[in-house]
Engineer: 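Below you'll find the structure I mean.
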Amino acid sequence: MPASQQELVRRFLSVKPGRGRHSVRIALENQGFLRHIDVYLELQKRLEGHLRSVLAAKYDLQLETIPLETPPDLKFGELATPIAFELARSLRKAPKVIAHEIVATLGTVEGFAGFEVAGAGYINARLDRAAAARLIAAGETQHSSKGLLHAMVEHTSINPNKAAHIGHLRNAILGDTFVRLLRAAGQKVDVQNYIDNTGVQVADVVVGFLHLEGKSLADVRLLLEDLKQKGERIDYYCWDLYAKISQWYEQGSEEENAARKKLRYATLHELEQGNNETAEIAELISTAVLRRHLETMLRLDIEYDFLPRESEILRLKFWEAAFEQLKETGVLYYETEGKNKGCWVMTRPGAEIADGETNEYAKVIVRSNGTITYVGKDIAYHLWKFGLLGKDFCYKPFFTYPNHECWISAEHGDEPHPHFGGAQAIYNVIDARQSDPQANVIQALRGMGYTEQADRYIHFSYEMVALTPRCAVELGYDVSDEDLARPYIEVSGRKGFGVKADDLIDKLIAATRAEVDARQTGRDETERQKIAGQIAIGALRYFMLKFTRNSVIAFDFKDALSFEGETGPYIQYAVVRARNIFRKGGTTPEAVLAEFAATDPAPWLEGEAAQDIWALWLRAARRTLVLEQCISTSEPAFLAKHAFQLAQEFNNFYHRHHILTEEDPARKVFLLATAAVVLRELVVVLNWLGIESPEAM
RNA sequence: GCGCCCGUAGCUCAGCUGGAUAGAGCGACUGGCUACGAACCAGUAGGUCGGGAGUUCGACUCUCUCCGGGCGCACCA
């Protein structure tokens, strides 16, 4: 993308080296625009800097930041500041008076047409629209490379004992989109998917194979082979088995259940030990299920770089290395009194305990039987992520994507291998219910003196995806009266209650395929299927991204299968419309933008009639601003909203102005340039959201 | 009991570091395909921003309190 934009800039600057263009080129170079062209951000910074120097000169005020906002209506200009209100008290003058004084001192600023006072004391700034439009049309180059970190994003992390469901889809889509945003901003990002292959959930399905189905290791091998030949999904098989075994633990008499639970923990222990037949079954199953998860996510264009597994964290003695550091720094201490007697514990964040008191609320890290809790293992893992553990995984290739290899942790690896870990900033896409343990890990890092790392440890939390009661009934589940009265019902793998990811994707593709078949009668099977897939994935990804992270999604097929209104397909449709204009017009966006660069757009940008089109140009120019906001707040939803609003304004423009029949050739170029700019922006933003832009739909 | 999240139009949700008349989608009603494809557009109706107090020139936004809903607070992960 940056390459083609640079090309645009180059073309813009060199295609017509007439006198007019030359002056623009000089201006661009003087402003440093060739290195960083983003109209909105640049003009904001320029205005802010100028205001700051004016305030310093006139009132001897040194202000850190000056509030700038987008006025509610273009009649108030393109940028505004309410700074006069803030200064009213300290300067002992009316805001309006201050605003007038500031405007009188502002003079002229490059890129701005003028300033004025409005309302009770707002200072409104008007852009030099023609100049701004030329810059917007030229596009932008890459971001400045200052302050870029090596980041690591962990997402998906599904227990490899059952099929992925819609909750996992939200996690993976949020995580993958955020990876794309960080990369778009120029950061180096490693993508990790943590695999808990030795936990109680995997142990449970192993118990199911061994004791519910009476299968041996050889039987499990046969089953895997058999499913493969029949083209059935092992993760679906485990989904049902996991639900059955979870019930089995509670179905028997009290003595039976106690015995079954014992079996469960004995199995778990065997998995942790390794080198036995039970562990081998677990390895077979968890690896097969993991492969299925990667296939499911690949349907959504989601890829990973590295799969660290808990088995290696255990076997490669990560904990032992972490334990030493934790003891040395005093983060962990041995409890000799109270309910945690005999355990190694750490103080919880925010806890205040008087000297000599026993901290009953401490977090246990090493149990009295010597085993390590989940938080303990996670501390060791996160020390590794930051390169602070002094140990590394061994690596093996595991899953080959069209453009790169995904590696998995191993006890004895291959050489050569890429290196993971040693990140400067980490993002953990983990649901909000795990914020306590996440806080514990951060607290441990901080306690060990790794404060910088603790500050760059971001729990990218999000709320769950639940089912509406109506949806649960539709799926044929038994729903209690109590649950029927709730706004939503939590998905539960243990109960086998939920919507499987592949089922939803299949359903979406079937629905989009029906729509495509109705419209694309001239296209063949493969083309139709490709388009249907692009639209289905666009619909799904947008659906998961349109909600802000801390809003619970109450899932319903009616909403998820909708292709109208605020949806991915709506935005994709705007792209297709824009493309059709160029196709039917026998030209290209590139050619139009090159021609546009040689024109004066001023006549089409002024006056009441131009307001809507100019608003569309301004919206198109906001991409980098929105990207930065998304990254600083860890909130991809803002970009999803931006894409929708841009598409919406474009559709309005599309109806109001019929471009190809426009008789004034100069105006036609302007209208085509408008479509070219919006098309370019939509494609870039959709790509950042992981949504493809179909050629037709 | 302690902590976190949520409460905005009939439904589902936006609302940027406090700023100008509170927005969108869906649903309802009305209108628009001889146009670059109607998976679209335009219009109408619909809101005490859960209640109350406070801070402020200004509060959907910040503080406190109450009400209602959800989730955490294991020697489970």
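Lettering of chains follows the sequences in order, A, B, ..., and the numbering in each one begins at 1.
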Engineer: A:Lys584 side chain N/O closer than 4.0 Å to the phosphate oxygens (OP1, OP2) of B:G37?
Structural biologist: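 Yes, within the criterion.
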Engineer: Restricting to side chain to side chain donor-acceptor pair (under 3.5 Å), what partner residues turn up for A:Lys93, sequence neighbours left out?
Structural biologist: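 A:Glu101.
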Engineer: For A:Thr70, enumerate each residue passing the side chain to side chain donor-acceptor pair (under 3.5 Å) test, keeping only those at least two apart in sequence or located in another chain.
Structural biologist: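 By the side chain to side chain donor-acceptor pair (under 3.5 Å) rule, A:Thr70 matches A:Arg622.
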Engineer: For B:G43 and B:C49, measure between their P atoms and round to the nearest Å.
Structural biologist: 26 Å
Engineer: With a non-hydrogen cut-off below 4.0 angstrom, is A:Val552 in contact with a base, only sugar-phosphate, or nothing?
Structural biologist: sugar-phosphate
Engineer: Please confirm whether the shortest side-chain N or O distance from A:Asn369 to OP1 or OP2 of B:C75 is below 4.0 Å.
Structural biologist: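 No.
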Engineer: Rounded off to whole Å, could you give me the CD1-to-P distance for the A:Ile365 and B:C75 pair?
Structural biologist: 10 Å
Engineer: Would you kindly check whether a donor in the side chain of A:Glu86 faces an acceptor in the base of B:G18, or vice versa, at under 3.5 angstrom?
Structural biologist: no
Engineer: Rounding to an integer number of angstrom, what distance separates B:U56 and B:U17 when you compare their P atoms?
Structural biologist: 22 Å
Engineer: Expressed in angstrom and rounded to an integer, what is the separation of A:Asn440 atom CG from B:C73 atom P?
Structural biologist: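 It works out to 10 Å between those atoms.
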Engineer: So, does the side chain of A:Ser368 form a donor-acceptor pair with the base of B:C75 at under 3.5 Å?
Structural biologist: yes
Engineer: Check the pair A:Tyr249 / A:Asn257 against side-chain contact (heavy atoms from CB on, under 4.5 Å), numbers first and verdict last.
Structural biologist: CA-CA 5 Å; A:Tyr249 289 130; A:Asn257 288 348; 5.8 Å; no
Engineer: Has A:Arg577 got a side-chain N or O lying under 4.0 Å from the OP1 or OP2 atom of B:A38?
Structural biologist: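 For B:A38, OP1/OP2 do have a side-chain N/O of A:Arg577 under 4.0 Å.
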Engineer: Mapping A:Phe547 and A:Pro67 to their closest nucleotides on RNA chain B, which lands nearer the 5' end?
Structural biologist: A:Phe547
Engineer: Nearest to the A:Pro569 side chain among B:A20, B:C41, B:A39, which nucleotide is it?
Structural biologist: B:A39
Engineer: Applying side chain to side chain donor-acceptor pair (under 3.5 Å), name anything that partners A:Arg470, two or more places apart in sequence or on another chain.
Structural biologist: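 Once residues adjacent in sequence are excluded, the partners of A:Arg470 under the side chain to side chain donor-acceptor pair (under 3.5 Å) criterion are A:Asp556.
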Engineer: Return no unless some side-chain N or O of A:Arg486 is found under 4.0 Å from OP1 or OP2 of B:G70.
Structural biologist: yes
Engineer: If you measure from the C1' atom in B:G52 to the same atom in B:U12, how many Å do you get, rounded?
Structural biologist: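 That atom pair is separated by 29 Å.
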Engineer: Residues two or more places apart in sequence or in another chain: which of them pass salt bridge (charged side-chain N to carboxylate O under 4.0 Å, His left out) with A:Lys546?
Structural biologist: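 Partners of A:Lys546 by the salt bridge (charged side-chain N to carboxylate O under 4.0 Å, His left out) criterion come out as none, since no residue qualifies.
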Engineer: If we take the P atom in both B:U65 and B:C4, what is their distance in whole Å?
Structural biologist: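 That atom pair is separated by 11 Å.
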Engineer: By the 4.0 Å heavy-atom rule, please label A:Ile553 as base, sugar-phosphate, or nothing.
Structural biologist: nothing
Engineer: Check the interface with nucleotides 21-24 of chain B: list each N/O to N/O pair with the protein under 3.5 Å, or write none.
Structural biologist:
residue, atom, partner, partner atom, Å
B:A24, O3', A:Gln648, NE2, 3.2

Engineer: How long is the line joining CD of A:Gln645 and P of B:G25, in whole Å?
Structural biologist: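 Going from A:Gln645 (CD) to B:G25 (P), I get 10 Å.
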Engineer: Between B:A77 and B:A24, how far apart are the C1' atoms? Round to whole Å, please.
Structural biologist: 40 Å
Engineer: Tell me whether A:Lys641 is salt-bridged to A:Glu566, with the criterion being a basic N under 4.0 Å from an acidic carboxylate O.
Structural biologist: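 Yes, this pair counts.
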Engineer: A:Glu662: which residues meet the side chain to side chain donor-acceptor pair (under 3.5 Å) condition with it, sequence neighbours left out?
Structural biologist: none
Engineer: With a cut-off of less than 4.0 Å, is there a side-chain N or O of A:Tyr570 near OP1 or OP2 of B:C41?
Structural biologist: yes
Engineer: Ignoring backbone atoms, test whether A:Asn651 places a side-chain nitrogen or oxygen under 4.0 Å from the OP1 or OP2 oxygen of B:C40.
Structural biologist: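 For B:C40, OP1/OP2 do not have a side-chain N/O of A:Asn651 under 4.0 Å.
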Engineer: Nearest whole Å is fine: how far is B:A77 P from A:Asp378 CG?
Structural biologist: 11 Å
Engineer: Using the closest heavy atom to pick a nucleotide of RNA chain B for each, name whichever of A:Ser562 or A:Asp559 lands nearer the 5' end.
Structural biologist: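 The residue closer to the strand's 5' end, by nearest nucleotide, is A:Asp559.
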Engineer: When you measure from the side-chain N and O atoms of A:Asn159 to the phosphate of B:A77, is any distance below 4.0 Å, counting only OP1 and OP2?
Structural biologist: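 No.
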Engineer: Expressed as a whole number of Å, how far does the P atom of B:G51 sit from that of B:U8?
Structural biologist: 10 Å
Engineer: Measuring to OP1 and OP2 of B:C75, would you say a side-chain N or O of A:Asn340 lies under 4.0 angstrom away?
Structural biologist: yes
Engineer: Compare the ring of A:Tyr573 with the six-membered ring in the base of B:C40 and state whether they stack (centres under 5.5 Å, planes under 30°).
Structural biologist: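 No.
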Engineer: Taking 4.0 angstrom as the limit, do A:Lys339 and A:Glu360 come out as a salt bridge?
Structural biologist: no
Engineer: Between the base of B:A20 and the side chain of A:Asn124, is there a donor and acceptor pair under 3.5 angstrom?
Structural biologist: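 It does, because a donor-acceptor pair links the side chain of A:Asn124 to the base of B:A20 below 3.5 Å.
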Engineer: For the side-chain hydrogen bond (donor to acceptor under 3.5 Å, both in side chains) test, which of A:Asn550, A:Asn171, A:Asp431 pairs with A:Tyr462?
Structural biologist: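 Looking at A:Asn550, A:Asn171, A:Asp431, the match for A:Tyr462 under the side-chain hydrogen bond (donor to acceptor under 3.5 Å, both in side chains) is A:Asn171.
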Engineer: Round to a whole Å and report the spacing from CD1 of A:Ile98 to P of B:C57.
Structural biologist: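 Computing the A:Ile98:CD1 to B:C57:P distance gives 13 Å.
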